[in-house]
Amino acid sequence: MNRDLLRLLRLVAPFRWWIVLAALLGFATVGSSIGLMATSAYIIAKAALHPPLADLQVAIVGVRFFGLARGVFRYLERYVSHQVTFRLLARLRVWFYRAIEPLAPARLVDRHSGDLLSRILADIGSLEQFYVRVIAPPAVAGLTLALTVWLMGRFSGRLAASAGLMLLLAGLGLPWLTRRLGRGVGQALTETRARLSAALVDTVQGAADLLLSGQEAGQRQKTDRLGRELAHWQARETALSGFHTALAEMLVDWTALVILLVAIPQVNRGALDGVYLALLVLAAMSAFEAVLPLPEAWQNLEASLTAARRLFELVDAPPAVADPPEPLPPPARFDLSVRGLTFRYRPGEPPALQEVSFRLAEGAKIALVGPSGAGKSTLLHLLLRFWEVEQGQIRLGGSDLRRYRAEDVRRVMALVSQQTHLFNGTIRDNLRLARPTATEAELAAAVQKAQLDAFIQSLPDGYDTWIGEQGVRLSGGERQRVAVARALLQNAPILLLDEPTANLDPDTEQALLETIFDALADRSILMATHRLVGMDRMDEILVLRQGRIVERGRHVDLLEADGLYRFLWERRF
Ligand code: ADP
């Protein structure tokens with residue numbers, strides 16, 4: 001059997017008893033329909049012969065029972081199916097999130113965020129249907145087929161054979177035909193939908209840039225084209241399902257005809273009581289309720305497998321960083337030492353860092369300066385274990401960084417980067433991110449040190465002010481102060497600053513740096529910047545160029561040395 005299908009089945013395995021129950025209830029529903037039709041047909045045919053009422057009693061009870069049972073079973077079946085579906089959905093979302101979280105950011109930087117979004121929403125959404133629309137229908141159809149053949153067999157073997165044959169034709173032949181005709185449509189549909197949503201995310205997120213560069217027409221054409229392509233595949237799918245519906249209805253009518261053609265000679269011969277004729281026809285026709293969803297099940301199977309393949313592809317990507325089998329306890333000392341560090345993003349590429357060595361003692365302040373692309377962020381990301389160190393060594397508290405759990409390493413390092421991500425929530429939620437258990441007093445202390453208190457007091461709802469998606473209601477300086485407050489709350493002994501002032505005007509920049517140095521005076525600080533502000537406060541400045549440290553020392557000495565640092569300094573001021 002298909003490997004992806006097996007994996008999918010394994011994912012739903014914890015729900016197998018629920019699934020069995022739902023399938024049995026589905027079968028009971030169709031079974032009741034057959035029973036209802038059969039007993040009703042019998043009553044009408046029999047009543048025409050004016051028998052004593054007592055002869056009809058059993059059948060009357062049957063009609064009542066099946067009529068009520070059908071509704072009750074249908075309700076229970078829906079209920080259980082939805083239970084399974086939603087539990088499955090919850091499980092799939094968690095499963096997928098757990099799988100991709102360790103991949104971030106190293107393995108996800110190359111992915112389009114729209115593509116990721118579409119995998120999380122649409123692909124998981126189509127898998128949600130996997131159980132109801134793919135697994136359950138064949139089970140219900142199989143049981144119904146057995147029931148029908150058994151029922152017909154009680155009258156004659158030929159009737160059983162004809163009904164069975166017609167059901168198989170509708171259940172297997174029809175899906176086979178639809179699948180042949182619709183080959184690739186499901187896959188094309190899923191893929192086009194994913195491409196369209198990626199393009200739409202591009203359009204929305206890049207709207208300002210598109211307008212400024214006059215590219216909006218091109219982008220619109222691209223989206224239009226994808227929209228039309230999607231409509232084309234949807235039309236194909238709909239045409240196929242229409243064709244299939246027509247054929248299916250025809251098969252139901254033919255079945256009535258076939259049963260009559262087989263049964264009437266038997267009645268003429270006296271082998272079968274004529275009163276059963278209507279019962280046979282109607283019972284066989286109602287059995288179709290179970291086989292008609294099968295072609296759709298095939299189509300859904302194809303869509304589910306495509307979606308599953310796209311998810312597995314991501315889930316199977318090996319994480320860039322793995323935790324050691326026997327990790328050290330979280331570090332107790334926080335001195336950092338980097339020795340002979342050389343790093344390439346991909347084999348064969350020029351190194352982003354070469355032979356970098358330095359030591360950051362507890363409480364020391366070091367600046368990484370150099371032109372953009374020199375490798376400053378790369379170094380910070382290696383410290384945070386976003387990527388794995390291959391050549392050289394980073395030691396934290398005297399032990400190799402790789403021997404700690406990545407989570408423990410990240411807990412002792414706070415990062416303030418150029419772009420602080422603010423979540424769609426209140427100011428309080430956004431601060432608490434750094435320490436969910438922080439008390440009001442701790443929040444207030446951090447906010448005061450980060451000099452955000454006046455700003456928060458000026459907000460209409462104070463801490464409970466909703467700051468909107470990505471914090472669009474905050475200025476650049478305010479956002480960065482939120483990041484500083486978070487770093488304070490996180491209480492990490494090591495602070496990594498990656499161009500924290502890159503998007504700020506000079507006054508705001510100066511004020512923010514003052515805040516950082518005052519509030520975090522006792523922490524170790526490693527600050528990457530190409531703007532050379534606050535350099536006189538640094539214990540050491542490392543000047544990077546093309547991944548190498550080309551100069552190092554204190555601000556005054558470097559200015560005197562008249563090298564790259566002095567050049568950068570003069571160009572800037
Ligand atoms: P800086 O922070 O000093 O501007 P970076 O550390 O971002 O420099 O980049 C150093 C080098 O590594 C650059 O040549 C850059 O193109 C490359 N680089 C950065 N990130 C990646 C990545 N995810 N994949 C491949 N190359 C990268």
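These numbers come from a predicted model, not from an experiment. Whatever order the structure lists them in is the order used to number ligands and atoms, beginning at 1. For the single chain, residues carry numbers from 1 onward in sequence order.
Near Ala352, meaning under 4.0 Å from one of its heavy atoms, ligand 1 places the atoms 11 (C), 12 (O). Residue-ligand proximity, Ser372 to ligand 1, at heavy-atom distances under 4.0 Å covers atoms 4 (O).
Taking all heavy atoms of Lys376, Gln546, Arg344 into account, the minimum distance to atom 3 (O) of ligand 1 is reached by Lys376. Taking all heavy atoms of Pro371, Gly375, Ser377, Pro350 into account, the minimum distance to atom 7 (O) of ligand 1 is reached by Ser377. Looking at Ala528, Gly373, Pro351 and measuring to atom 11 (C) of ligand 1, the nearest heavy atom belongs to Gly373.
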### Message
With salt bridge (Lys or Arg N to Asp or Glu O under 4.0 Å) as the criterion, how do Arg554 and Glu540 come out once you've worked through the C-alpha distance, each side chain's angles and the decisive distance to 0.1 Å?
### Response
CA-CA 5 Å; Arg554 295 183 65 97; Glu540 189 179 15; over 6 Å; no
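The pair Arg195-Glu191 fails the salt-bridge criterion, with no side-chain N (NZ, NE, NH1 or NH2) lying under 4.0 Å from an Asp/Glu carboxylate O. The residues Asp429 and Arg432 are annotated as not salt-bridged, no charged nitrogen and carboxylate oxygen being separated by less than 4.0 angstrom. Looking at Glu407 and Arg385, no side-chain N of the basic residue comes within less than 4.0 Å of a carboxylate O on the acidic one, giving no salt bridge.
Without hydrogens or angle criteria, Thr515 side chain to Ala511 main chain gives a donor-acceptor distance under 3.5 Å. Distance alone, capped at 3.5 Å, is enough to place a donor-acceptor pair between the Gln480 side chain and the Pro500 backbone.
Only the side chain of Arg346 comes within 4.0 Å of ligand 1, judged by heavy-atom distances.
Between Glu349 and ligand 1, no pair of N/O atoms sits closer than 3.5 Å. By the 3.5 Å distance cut-off applied to N or O atoms, Thr378 is counted among the residues near ligand 1.
No more than 12 heavy atoms of other residues, nucleotides or ligands lie within 6.0 Å of CH2 in Trp298, so this atom counts as exposed by the packing criterion.
Residue contacts with ligand 1 leave out Gly370, since none of its heavy atoms falls under 4.0 Å from the ligand.
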